[in-house]
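A quick write-up on the structure given underneath.
Quick note: residue numbers are just sequence positions, from 1. Note that the coordinates shown come from a computational prediction; the quantities given were computed from them, not determined experimentally.
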Amino acid sequence: RVKDCSITGEIGKEIEVTFNMVHTSISTPNTSHGLTTPTLVSTTSGSVWDWIAGGADPVSWNSAAQNCRKITVNINRNTKSDHTLGNLDPHSSQPHGRRVTGSFTVLHTATTNEADFKAGTARTLAWVLNSATSTVTLSNVKLRSFSTEHVDEDTNVEEYEFGCLTGTVT
């Protein structure tokens, strides 16, 4: 089962997804494969999702498009193996205190996000990974930290770190 997952989108790069898994049981290896005519996996086809796959303004905060430069969503189920008496293998691997965290960096164009940070207002954060195919939607997101930085002579960026407990990936 998935223990934790991270999804990152950044200008000029492919969407990156990483997973850590935990097992519920490990079977004893076979001494022979048992296949007479093996069927192997075919090569995947299709385009790789990248920073432009989500269309114009793929990140929104409270339904308002963000001029986003980078976004990362971390989903941590905090899974651990749960054992029961009389069984060497775990009964299951269940979540223990799921957390969804992350950050996004935007060009400074409005003060709405900063006001939400200061007020502790929970909002919906949505990120379209691939137009008409896949969207990450996080509910009741609260901004936990805010910083601003000059990245060149005339560009201000703001970085927000966030947290929530629920979300969906479609």
Check residues 120-127 and write down every donor-acceptor pair under 3.5 Å in which the side-chain atom is one partner and the other belongs to a residue at least two apart or another chain.
from, atom 1, to, atom 2, distance (Å)
R123, NE, D116, OD2, 3.1
R123, NH2, D116, OD1, 3.1

In Å, rounded to the nearest 0.5 Å, how long is the span from [atom1] of [X] to [atom2] of [Y]?
| X | Y | atom1 | atom2 | value |
| --- | --- | --- | --- | --- |
| F117 | K142 | CZ | NZ | 12.0 Å |
| I15 | L129 | CD1 | CG | 5.5 Å |
| L143 | E159 | CG | CD | 11.5 Å |
| F162 | W61 | CZ | CH2 | 8.5 Å |
| L165 | S139 | CG | OG | 10.5 Å |
| T155 | L107 | OG1 | CG | 7.0 Å |

Under 4.5 Å between side-chain heavy atoms, hopping through other hydrophobics if needed: is there a path connecting [X] to [Y]?
| X | Y | value |
| --- | --- | --- |
| V136 | V128 | no |
| M21 | V169 | yes |
| V17 | F104 | yes |

(request) Please check if the side chain of T137 supplies one atom and the backbone of T168 the other of a donor-acceptor pair under 3.5 Å. (result)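 No; judged by distance alone, with no hydrogens or angles, the pair does not exist.
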Let me have the donor-acceptor pairs involving side chains of residues 50-60, under 3.5 Å, with sequence neighbours excluded, atom names and distances please.
from, atom 1, to, atom 2, distance (Å)
D50, OD1, I52, N, 3.1
D50, OD1, A53, N, 3.3

Can you list the steps and then say if V157 with H108 is a side chain to side chain contact (heavy atoms under 4.5 Å, CB included)?
CA-CA 5 Å; V157 296; H108 174 74; over 6 Å; no
Heavy-atom closest pair (I7 atom, C5 atom, distance to 0.1 Å) is CG1-SG, 4.0 Å
Between E114 and Y160, the two heavy atoms sitting closest are N-OH, 3.3 Å
For residues 62-75, which side-chain N or O atoms pair as donor and acceptor with protein atoms under 3.5 Å away, sequence neighbours left out?
from, atom 1, to, atom 2, distance (Å)
Q66, OE1, N113, ND2, 2.6
Q66, NE2, A64, O, 3.2
N67, ND2, T109, OG1, 3.4
T72, OG1, T8, OG1, 3.4
N74, OD1, S6, OG, 3.0

